[in-house]
2 protein chains.
Amino acid sequence: MQLTLTGEYAIRAMIYIVSVDENAICTISEISSFNKIPENFLRKIIPQLANAGLIKSQRGSGGGIKLGKSSYQITPLEIIIAVEGEMALNKCLIDKKFCSNERWCTVHTLWCDAQKNLKLILSSKSIAQLAKESKERKNMLNH
Amino acid sequence: MQLTLTGEYAIRAMIYIVSVDENAICTISEISSFNKIPENFLRKIIPQLANAGLIKSQRGSGGGIKLGKSSYQITPLEIIIAVEGEMALNKCLIDKKFCSNERWCTVHTLWCDAQKNLKLILSSKSIAQLAKESKERKNMLNH
DNA sequence: GTAAATATGACAAATTTTGTCATATTTACT
DNA sequence: AGTAAATATGACAAAATTTGTCATATTTAC
């Protein structure tokens, strides 16, 4: 019951893109070296973020990556779902065939509640907010 | 980000024990066959529940397993932690060395909130309540 | 002493996660 | 047209985790 490295990398990458400059184009090499993400691995993750519309990629010379929509409209939850697929704390939340009882397993509604809440929290802040808070924290430490 | 089969089996086993008879002794074979859990696998899980004090096991002829404390004092969260270890939605919640920034990674507090909430919900009902609700649902279906 | 139960540790299979690499494609520029 | 610079994609491989099996040990009642 844990975020994968894939998800972790995706979030780091997205926050990096926001932090550098909302509208700038950056390259995958740049993102991976700055954030210590294995480049070839990141190259598998980036297209998934693009498919979800979170970033836009541009091939060719001078190409690279930029945000696909406003950083105020992107949440950690979206990023996680984009690279890990729809969240399911318990298998039976995806497909009832995994449920042990006839209509629901005993803890089904509990998992439902838990998941709904988790999604709520993970979408309660935009990456714009998160990047801003992070920058403020760093400034505090330097003083 | 999902409950493992180990956790799923542990919860099923615990609820079975409660459902049958709060004070009865039952055997691992009985639990596994009734709940369709691979017996040898369940035999690895049971001692973990015993170590956590959720059940008490008795070796020897006539031995078996019974609850370690009142079913009203046992929550799904405890069961999960007993067999899967302390919950950590993100690695950096266990050890700061996994945190990407100096003091916190950007999403650290968000993960903290999310985890606190998840634990709250998964410990909001006792397995006594869950077993009771399950029984009621089954009765409804039979009428 | 024997039968019936759990405990434990070594092993193995299956699955998922993490990573690599070669090749293809697109684009700007000269 | 050709070249350099960028992403895209699919096949493969390594590593880690999960899931499962089995043989052996231990405990207990009778």
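Order of the sequence lines fixes the chain letters, A, B, ..., with proteins taken first and strands second; residue numbering starts at 1 for each chain.
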Following the transitive rule for hydrophobic clusters with a side-chain heavy-atom cut-off under 4.5 Å over Ile, Leu, Val, Met, Phe, Trp and Tyr, establish whether Leu5(A) and Phe34(A) coincide in one cluster.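 Yes, one cluster joins them.
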Dot-bracket, DNA chain D: Watson-Crick or G-U, under 3.5 angstrom, [ ] crossing, | other strand? ||||||||||||||||||||||||||||||
Could you walk me through whether Glu86(A) and Ile94(A) pass side chain to side chain contact (heavy atoms under 4.5 Å, CB included), step by step? CA-CA 9 Å; Glu86(A) 186 58 55; Ile94(A) 298 182; over 6 Å; no
Just how far, in rounded Å, is [atom2] of [N] from [atom1] of [X]?
X: Arg59(A); N: dT3(D); atom1: CZ; atom2: P; answer: 21 Å
X: Leu42(A); N: dT17(C); atom1: CG; atom2: P; answer: 18 Å
X: Lys66(B); N: dA5(C); atom1: NZ; atom2: P; answer: 16 Å
X: Tyr9(B); N: dT19(D); atom1: OH; atom2: C1'; answer: 8 Å
X: Asn40(B); N: dA5(C); atom1: CG; atom2: P; answer: 16 Å
X: Met1(A); N: dT17(D); atom1: CE; atom2: P; answer: 16 Å
X: Phe41(B); N: dC11(C); atom1: CZ; atom2: C1'; answer: 15 Å
X: Lys44(A); N: dA22(C); atom1: NZ; atom2: P; answer: 15 Å

For Met87(A) and Leu122(A), work out which heavy atoms get closest and say how close.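 Closest approach of Met87(A) to Leu122(A): CE-CD1, 4.0 Å.
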How far apart are the closest heavy atoms of Glu39(B) and Ser32(B), and which atoms are they? CB-OG, 3.6 Å
Tell me which of Gly62(A) and Glu39(B) sits closer to the 5' end of DNA chain C, going by the nucleotide each one is nearest to. Glu39(B)
So that I can tick it off, tell me whether Glu78(A) and Lys69(A) are bridged by a salt bridge, with the cut-off set at under 4.0 angstrom between side-chain N and carboxylate O. yes
Could you tell me whether Glu133(A) and Arg137(A) have a side-chain N and a carboxylate O separated by less than 4.0 Å?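 Result for this pair is no, no salt bridge flagged.
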Taking the side chain of Leu5(A) as its heavy atoms from C-beta onward, which of dG19(C), dA6(D), dT21(D) lies nearest to it? dG19(C)
With the side chain of Ser61(B) defined as its heavy atoms from C-beta on, choose the nearest nucleotide among dT27(C), dA29(D), dA5(C).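 Closest nucleotide to the Ser61(B) side chain: dA29(D).
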Mind checking Thr6(A) for me? I need base, sugar-phosphate or nothing, with any heavy atom below 4.0 Å counting as a touch.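 Answer is sugar-phosphate: Thr6(A) comes under 4.0 Å of backbone atoms only.
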Main-chain N/O of Asn35(B) paired to Arg12(B) side chain as donor or acceptor, under 3.5 Å: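 Indeed, once roles are kept as given, a pair shorter than 3.5 Å links the two residues.
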Within less than 4.0 Å of OP1 or OP2 of dA5(C), is there a side-chain N or O belonging to Ser29(B)? no
For Arg43(A) and for Gly7(B), find the nucleotide of DNA chain D with the closest heavy atom, then tell me which residue's nucleotide is more 5'.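 Closer to the 5' end of DNA chain D: Arg43(A).
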